[in-house]
Each structure stands twice: as C-alpha cells, then as structure tokens.
Amino acid sequence: MSEWIKITLTEDELPKQWYNLNADFPAPMPPPVDLEGNPIGPDALAPVFPMNIIEQEMCTDRWVDIPQEVLGIYKIWRPTPLYRARRLEEHLGTPAKIYYKNEGVSPAGSHKPNSAVAQAYYNKAFGIKRLTTETGAGQWGSALSFATHLIGLECKIFMVRISFTQKPFRKIMMKVWGGDCVASPSQETEIGRRILEEDPNTPGSLGIAISEALEQAVQREDTRYSLGSVLNHVMLHQSIIGLEAKKQFEKVGIYPDVVVGCAGGGSNFAGMVFPFLADKAAGREVRIVATEPAACPTLTRAPYVYDAGDVAMMTPLLPMHSLGHAFIPEPIHAGGLRYHGMAPMVSHAMNHGLIEAHAIEQIECYESAVLWARTEGFIPAPETSHAIAQVIREAKRAKEEGKEKVIAMNWSGHGLMDLSGYDAFFEGRLTDYQLPEEQRLRSLLCLEGLPKPPAS
Ligand SMILES: *Cc1c(COP(=O)(O)O)cnc(C)c1O
C-alpha cells in the first residue's frame, strides 16, 4: 500500500470539523492586550471583525463544525491529494520516504482559500457587505477575491507596492474574481497619504497595507477587515490540511517521523502540523519543523514580545515572536514570507518546545525548488521552496544515517504566478541575504515601552 504515488480521499471523507490546538496547549496562551497591557475583550475587536469570527478567535473548543456552505465550496478542490515524492527520493538516493500535501490545486493556487472561504462566509452570515484586506505577493488578495465572489461580498485589497509593480498577474487574477486592488501605500487612506509624503519611493510593507485596510474597515458599518494569516481563527480554518493528511496516512498505514512546513505568518504551517501536534501533546513522538527565510527570521531570531500586527499599531498587541511592527524586509529577498511577526499560536508552540525552526537562505531555496520541478513536475511557490529545502536536508541526513524515515511536508502552493523570481535566480540576480544583526536591533527599537508577555 505504501507504494502509492497519490493518496486521495473521497468527498465523503472530507473532514466535517476543524481542529483547534488551543484545547491542547500545555498552558493557555497570553491574551491580546491594549497599549497599557490590559487584556482586550471581544467588543474592542467589533469594529474590525464580525462577532462570529471574534468568538472563533477566542474559542478553546477542540472541534468546530465547518458550515455546510463552506464545505460545499471546499469540495471544488478538496480533499487535496497527498503525494509521494518518488522521483525526488530516487534523485537524492535517500532511504527516506517523502510525502507532500498539495495545496496548490485550489483555484487561487495555494492553501489560502481554506480560510478565505470561511471568513467570507462568517462575514456574510453577520450581514457584512464588503471586506478589506492587504496582500503581499498577491496570494491572499486573490484567494479572498475568489472567496468573496462565490459567497457574495465585495472585496477591497491593498497590495504592497513593490509587488503591485513587480507582479502584475496576481493583480489581474483579483480583477477576474471581481476584487478591487490598489497599490499600498495609497492615496485612499490617511496613513497611506502620510507615509507617501514622508517617503514617496517606499516599497511598502505588509504592516503598512494592513493599516490601510483597517482604516477603511472601521470607517463603514457594512465593512469589516480580513487577515489571511497570524490570527487564531485562520489557524483553525487551515487545520483541514493536516486533518486530511492524517486520514491519508492512516489509509496507507504509516505515520510521519517529521512534518515540515514553511512559515511566514504561520497559517499553512499550523494547518498542516497542528493536528499532528495534537498527537504529540498526547505523547506520540513526531518532530515538527518550521522553516523561514534568513532575510525575515521571526521564529529563529526575533524575541517573544507583545507587538501590533500593523505599522500604525491599530491592532491589539499580540503575544508573538516579532521583529517589530516597523520592520521592512529588503527587496532583494524574493521568496515571500516577509511578515514581521509570527502567529501567536505558532509562537506559543515554539516557546513550549513543541516545534523547532530553521532559517534558510534564498539560493538554497531556489535550487531546491528547481530540483523539485525537475523531479516532481510541479513548480513550487517561492514560499513553499523553504519547506522543500528543509525536506531535502532531512532526506540527505537520512541517507547519511542510513535511516528509513518518513518525511511529510505541506506543499503550500504553486509558483506559476511567481516565475519572475525563478528568472532572477537563473540570471544570477539573486544573492543570499541574512538580516544583519545591526538592522535587527534597530528594527526592535519600535517595541520599546510596550507591555511584555509573561515568559512561558
Ligand atoms: C501566503 C503563502 C505562504 C505564507 O503564509 P503562511 O500564513 O505562513 O502560510 C506560504 N506559501 C504560500 C504558497 C503562500 O501563498
């Protein structure tokens, strides 16, 4: 049975509930707080999110029912296949068995619609007519445009300026699905105009784009904001990935020794690994590995602090590993995963020793991505290449040690809209880049004076 290349599930086997790791943490997470350090209640979030999502954000139930309408849309591409990377194994000559969950088969090409559809559904159910959001390379913006169109909402997207100019195709995808996308910082908001005045040539950042989207969300009663990663409810929606993967492994009677995912804000990683962490919390031995870019190293080099999710500090303070809300990654880094913070749930798992993390430089990532495409066929997103690079490291180590281990990975999305990064790689325009220590320290200065989370 374990000789299969593609392990599929039937529509009937699609999980009907999401899994919430908040029920199984060894200690509860510190709450979000205001600038004085006081825990914030649901009402403080009400201008930004609909109450049904706020309840989910604070929920500690282990299982949450997936609404019928969401399941109906999931069925367009779910359950996603779990593949065995046979040709890569052979190329590496490794005794390891490599499995990957292909989230690139969704309409938007990544895992992101798993949460976009759910968020659009809950907003619609709450009577909201319009969603605002930010997007970096454009994956979240396109996922939310797709989801809002199917559910029946309007969608406004602030896209980080440098990507807006460098990645025109995602912008067009959003338009195809009816989304309205502008470059951020824009002239449409207070904060956007202020930042453009200070620095007309700014490349923009996710933190700035979030501030713009929030500003517009709180201005209109029929509008709320939607975030594609980081928050607890997003981790919950993404758990469908790992729940399916576990069923698929069960079908062939194996269990992974190590599960790998790339981590930007943490959602695809959490989605894949949290259901396995449930087993780990119950005593099962399994290594869980997050990988991130050396250019934006939140899990490996950022302190655990209370920080805002956006540059204007409009969000509550979240307990997370963060490089500081004012962090702007270098444009030289082509691989995405550029957010300044890491999901509080992923940060909490890290602090409790449930997961390990590694930072990887971009040349190794692109080399791994090209090797992947030339063996397995699918061209990965630059973000996904961070997970692939780690899988290859693990597979090579298994070869050295002569160990037959099972490696599982979340293949978070395809790179067909990110070919310019590959072009830069082939033309030798990419170099390795580690966030310089001096810049890291400078970036952390914006955290001074903020309350501190309890050490865990
Ligand atoms: C957005 C994205 C990521 C990073 O976001 P997470 O919230 O960390 O998952 C990773 N891979 C792909 C393909 C993406 O589109």
Side-chain angles (χ1 to χ4, degrees), residues 9 11 14-16 18-19 53 56 64 66-82 101-125 131-157 159 169-179 181 225-231 233-245 261-262 264-272 274 336 343 378 380-381 383-384 410-418:
L9 296 174
E11 244 177 65
L14 183 65
K16 306 291 183 294
W18 290 302
Y19 167 70
I53 291 224
Q56 226 167 45
V64 175
I66 306 175
Q68 279 305 324
E69 193 178 344
V70 174
L71 282 173
I73 296 179
Y74 275 179
K75 282 180 185 172
I76 295 174
W77 72 97
R78 307 209 71 87
T80 64
L82 180 76
K101 184 77 171 148
N102 189 349
E103 289 296 302
V105 298
S106 78
S110 75
H111 65 286
K112 288 193 171 71
N114 297 333
S115 186
V117 171
Q119 292 191 44
Y121 168 83
Y122 287 113
N123 275 281
K124 178 85 186 281
L131 284 178
T132 64
T133 195
E134 77 294 329
T135 196
Q139 289 112 325
W140 174 248
S142 48
L144 195 65
S145 295
F146 155 73
T148 47
H149 192 82
L150 263 64
I151 296 274
L153 297 173
E154 285 173 46
C155 188
K156 171 87 189 191
I157 306 114
M159 183 169 182
F169 292 111
R170 284 275 169 193
K171 193 163 65 191
I172 302 167
M173 276 174 90
M174 292 180 229
K175 199 163 181 180
V176 170
W177 281 313
C181 173
Y225 166 71
S226 167
L227 185 62
S229 187
V230 180
L231 298 178
H233 64 273
V234 184
M235 309 294 124
L236 177 76
H237 303 152
Q238 293 295 353
S239 68
I240 186 94
I241 304 171
L243 292 169
E244 284 181 8
C262 65
S267 74
N268 90 84
F269 171 73
M272 177 69 171
F274 281 5
F378 295 112
E383 291 85 353
T384 310
N410 192 34
W411 202 86
S412 55
H414 71 65
L416 298 180
M417 296 287 146
D418 308 280

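In what follows, every heavy atom counts, from backbone to side chain, and hydrogens, waters and symmetry copies are set aside.
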Any side-chain heavy atom of [X] sitting closer than 4.5 Å to one from [Y]?
{"X": "L144", "Y": "I157", "value": "no"}
{"X": "W177", "Y": "C155", "value": "no"}
{"X": "L82", "Y": "L9", "value": "no"}
{"X": "W77", "Y": "N102", "value": "no"}
{"X": "I66", "Y": "I240", "value": "yes"}
{"X": "I53", "Y": "N123", "value": "yes"}
{"X": "M174", "Y": "M159", "value": "yes"}
{"X": "L71", "Y": "K16", "value": "yes"}

Using the side chain to side chain contact (heavy atoms under 4.5 Å, CB included) criterion, which residues pair with [X]? Sequence neighbours excluded.
{"X": "L150", "result": "I73, I76, F146"}
{"X": "K175", "result": "none"}
{"X": "A343", "result": "M235, V346"}

Salt bridge (charged side-chain N to carboxylate O under 4.0 Å, His left out) with E103: which residues, sequence neighbours excluded? R78
State which residues pass salt bridge (charged side-chain N to carboxylate O under 4.0 Å, His left out) with K156; sequence neighbours excluded, sorted by chain then number. D180, E188
[X] side chain to [Y] backbone, donor-acceptor under 3.5 Å:
{"X": "N268", "Y": "C262", "result": "yes"}
{"X": "Y74", "Y": "P79", "result": "no"}
{"X": "E11", "Y": "K75", "result": "no"}
{"X": "K112", "Y": "A143", "result": "no"}
{"X": "K101", "Y": "G242", "result": "no"}

[atom1]-[atom2] distance between [X] and [Y], expressed to the nearest 0.5 angstrom:
{"X": "S267", "Y": "Q238", "atom1": "OG", "atom2": "CD", "answer": "4.5 Å"}
{"X": "E134", "Y": "C181", "atom1": "CD", "atom2": "SG", "answer": "11.5 Å"}
{"X": "L243", "Y": "L14", "atom1": "CG", "atom2": "CG", "answer": "10.0 Å"}
{"X": "N114", "Y": "T80", "atom1": "CG", "atom2": "OG1", "answer": "8.0 Å"}
{"X": "Y121", "Y": "Q68", "atom1": "OH", "atom2": "CD", "answer": "9.0 Å"}
{"X": "T133", "Y": "Y225", "atom1": "OG1", "atom2": "OH", "answer": "5.0 Å"}

Show the numbers, then the answer: is there a side-chain hydrogen bond (donor to acceptor under 3.5 Å, both in side chains) between T384 and S412? CA-CA 6 Å; T384 310; S412 55; 2.7 Å; yes
Under the side chain to side chain contact (heavy atoms under 4.5 Å, CB included) rule, what do Q139 and E383 come out as? Steps first, then yes or no, please. CA-CA 11 Å; Q139 289 112 325; E383 291 85 353; 3.3 Å; yes
Go through the structure and list residues passing side chain to side chain donor-acceptor pair (under 3.5 Å) with Y19, not counting sequence neighbours. D24
S115: what forms a side chain to side chain donor-acceptor pair (under 3.5 Å) with it, not counting sequence neighbours? Q119, H237
What pairs meet the side chain to side chain donor-acceptor pair (under 3.5 Å) rule with one or both residues in residues 142-155, with sequence neighbours excluded? S142-R170
Heavy-atom closest pair, residues H414 and D418: O-OD2, 3.9 Å
ring-ring contact (aromatic ring centres under 6.0 Å, His included) partners for Y122, two or more places apart: none
